[in-house]
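First comes the structure, then the notes that go with it.
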Protein chains: 2
Amino acid sequence: MKTIKLVIADDHELFRNGLKELLKKYDDVDVVNLVEDGEEFMNYIDINQDIDIVLLDITMPNMDGFEVLDKIKTVNPRIKPIIISMHDEGNYIAKCAKKGAYSYLLKNTDQEELIKVVRIVNEGRKYFSHSISEKMINYMSENPVSDNILSNKETEVLELISKGHTTKKIAEMLYVSARTIETHRANVLKKLKAKNTAELIKKAVKLKLIT
Amino acid sequence: MKTIKLVIADDHELFRNGLKELLKKYDDVDVVNLVEDGEEFMNYIDINQDIDIVLLDITMPNMDGFEVLDKIKTVNPRIKPIIISMHDEGNYIAKCAKKGAYSYLLKNTDQEELIKVVRIVNEGRKYFSHSISEKMINYMSENPVSDNILSNKETEVLELISKGHTTKKIAEMLYVSARTIETHRANVLKKLKAKNTAELIKKAVKLKLIT
DNA sequence: TTAAAAATCCGTATAAATACGGATAAAAAT
DNA sequence: ATTTTTATCCGTATTTATACGGATTTTTAA
């Protein structure tokens, strides 16, 4: 029987190593490497192309899981990425699905579920659990525009708003009229379906549109 | 040699089990139980009082790590809690230190560090690494008021503001005059040193004062 | 039990944000 | 080459938020 060659990419050392230990008991799975961020992972698969699956965390330094999903498709589309994240927000799930992830697991998944999904994905099939797909669908119906919602200028303005600058001040900073900023502001409010600045900023932070 | 009796409290099944596997290799440590939230932990130590250390996550459902720290002191002060969190924000660290945690580790700590700290704490000594103490100290000097900055009412009002409700609306919801809400609002602005609502909400989210 | 903190309320005024409903030129995408 | 998006600008009006500088009652803590 051919073993499933698997890499774990997660910036939490304890999680990474613990997961490796957990997977030792399954004979059909071979954890061939542990990496702590996306960059290291991309470097690794540059020279080791014979990998079946990568268990991929989203939040990592240097290069996050999203970027890895993007790049892996051109570099080595044979590798099937499974996201293991603790974020169960719909936008995260939707983004990963769109970027070609084969599955999306939460870190509180149990071992049986994990190994089940690894085996399914190894067959080339995608697997999203009921609760995960549900969250994604709810998100998409609430946010039809989904990703890349804001233009560059809008993001710039939003960032300045979140720093506490007023419309007038921002206009001065960007050398445009206050009316322009007002329009951007209104458009951003509309796009994020926020009633006012307070809700806007909260949503923007949650969606990581601002830092 | 007496073994160190240890419980792991973390809502992420994979982490919990992985950590247990990791600790198996150390003969002086005995992982006597795994629990997935603070409530389960408190129930467990009600009947099993002979525990030395609990590795405690902060973010958990039902009862979080902060509450556990509070309660454990009265219920069984012999148990020494070590926080294992992925949050490296100063306010978290400061809060835990104040509540009596024996150590604060990040989830990207390596095994050697972990076992070292477990052994130190088991001797009854507290241990906070240099980088962790540094973060805490910076936080405290920047935020003299440190934790529990906001009163209950203030937090409630802040939460409603962040949901996009206006002062007037919030006043109606809480059956008080709009003036009261204005005052709360002003006080919260002052306490968080924010220029306006936008900055306020951003800071509040960052400090996890609102969900 | 006494001091401190929290929750409540008000006047006056200005500044800022939001809600309408437009328009045009440049840039990007198809 | 044509459509769509983006960035820019404007008028009018209303609603909200912020900035001063107070005060009283209730609750909590020392």
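To find a chain, count down the sequence lines: A is the first, B the second, and so on, and within it residues start at 1.
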Quiz prompt | Between dA17(D) (P) and H165(B) (NE2): distance, integer Å | solution = 12 Å
Self-check item: Minimum-distance pair of heavy atoms, taken over all atoms of N108(A) and D11(B)
Solution: CB-O, 3.0 Å
Quiz item: N196(A) side chain to E199(A) main-chain N or O, any donor-acceptor pair under 3.5 Å?
Solution: yes
Exercise. Check each residue of residues 194-205 of chain B for a non-hydrogen atom within less than 4.0 Å of any atom in DNA chain C, then write out the ones that pass by number, or none.
Key: none
Self-check item: Working for salt bridge (Lys or Arg N to Asp or Glu O under 4.0 Å), residues K169(A) and E172(A)
Solution: CA-CA 5 Å; K169(A) 187 88 177 291; E172(A) 283 164 15; over 6 Å; no
Quiz item: Per the salt bridge (Lys or Arg N to Asp or Glu O under 4.0 Å) rule, which among R78(B), R119(B), K80(B), K5(B) passes with D52(B)?
Solution: R78(B)
Under-3.5 Å N/O pairs linking protein and nucleotides 26-30 of chain C:
none

Quiz item: If only atom types and distance count, is the side chain of N122(B) paired as donor or acceptor with the main-chain N or O of V118(B) below 3.5 Å?
Solution: no
Quiz item: Under the salt bridge (Lys or Arg N to Asp or Glu O under 4.0 Å) criterion, do R179(B) and E182(B) qualify, and how do the steps go?
Solution: CA-CA 5 Å; R179(B) 281 318 180 87; E182(B) 276 175 27; 3.6 Å; yes
Quiz item: Roughly, in whole Å, what's the span from CD1 in I170(B) to C1' in dC9(C)?
Solution: 17 Å
Exercise. Using side-chain contact (heavy atoms from CB on, under 4.5 Å) as the criterion, point out the one residue from L19(B), D110(B), L105(B) that pairs with L14(A).
Key: L19(B)
Could you list all N or O pairs between the protein and nucleotides 7-15 of chain D that sit under 3.5 Å apart?
| from | atom 1 | to | atom 2 | distance (Å) |
| --- | --- | --- | --- | --- |
| dA7(D) | OP1 | K153(A) | N | 3.2 |
| dA7(D) | OP2 | S151(A) | OG | 2.1 |
| dT8(D) | OP2 | H184(A) | NE2 | 3.1 |
| dC9(D) | OP2 | S177(A) | N | 2.6 |
| dC9(D) | OP2 | T180(A) | OG1 | 2.3 |
| dC9(D) | O5' | T180(A) | OG1 | 3.3 |
| dC9(D) | N4 | T183(A) | OG1 | 2.8 |
| dG11(D) | N7 | R179(A) | NH1 | 2.5 |
| dG11(D) | N7 | R179(A) | NH2 | 3.1 |

Exercise. Indicate yes or no for a side-chain donor-acceptor contact from K203(B) to the backbone of K193(B) under 3.5 Å, with no hydrogens or angles considered.
Key: yes
Quiz item: Given R16(B) and E13(B), is the salt bridge (Lys or Arg N to Asp or Glu O under 4.0 Å) satisfied, shown in steps?
Solution: CA-CA 5 Å; R16(B) 216 159 58 219; E13(B) 163 128 9; 3.4 Å; yes
Under 3.5 Å between N/O atoms: give me all the protein pairs with nucleotides 24-30 of chain D, atom names plus distance.
none

Exercise. Using a cut-off of 6.0 Å, state whether more than 12 heavy atoms not belonging to K168(A) lie near its atom NZ.
Key: no
Exercise. Using the side-chain hydrogen bond (donor to acceptor under 3.5 Å, both in side chains) rule, pick out the option among H184(A), R185(A), K191(A) that qualifies with E154(A).
Key: K191(A)
Practice problem: Grab the CG-C1' distance between L189(B) and dC20(D) for me, whole Å please. | Solution: 14 Å
Quiz item: Near K190(B) NZ, under 6.0 Å, is it more than 12 heavy atoms from other residues, nucleotides or ligands?
Solution: no
Quiz item: Would you find a donor on one side and an acceptor on the other, under 3.5 Å apart, between the side chain of D64(A) and the backbone of E67(A)?
Solution: yes
Practice problem: Applying salt bridge (charged side-chain N to carboxylate O under 4.0 Å, His left out), name anything that partners E40(A), two or more places apart in sequence or on another chain. | Solution: none
Exercise. Check whether any side-chain N or O of T167(B) sits under 4.0 Å from OP1 or OP2 of dA17(D), and answer yes or no.
Key: yes
Quiz item: Where along residues 156-164 of chain A does a heavy atom come under 4.0 Å from DNA chain D, residue by residue in number order?
Solution: none
Exercise. Measure from NZ or CZ of K107(B) to the centre of the six-membered ring of F15(B), then state whether that distance is under 6.0 Å and the direction lies within 45° of the axis.
Key: yes
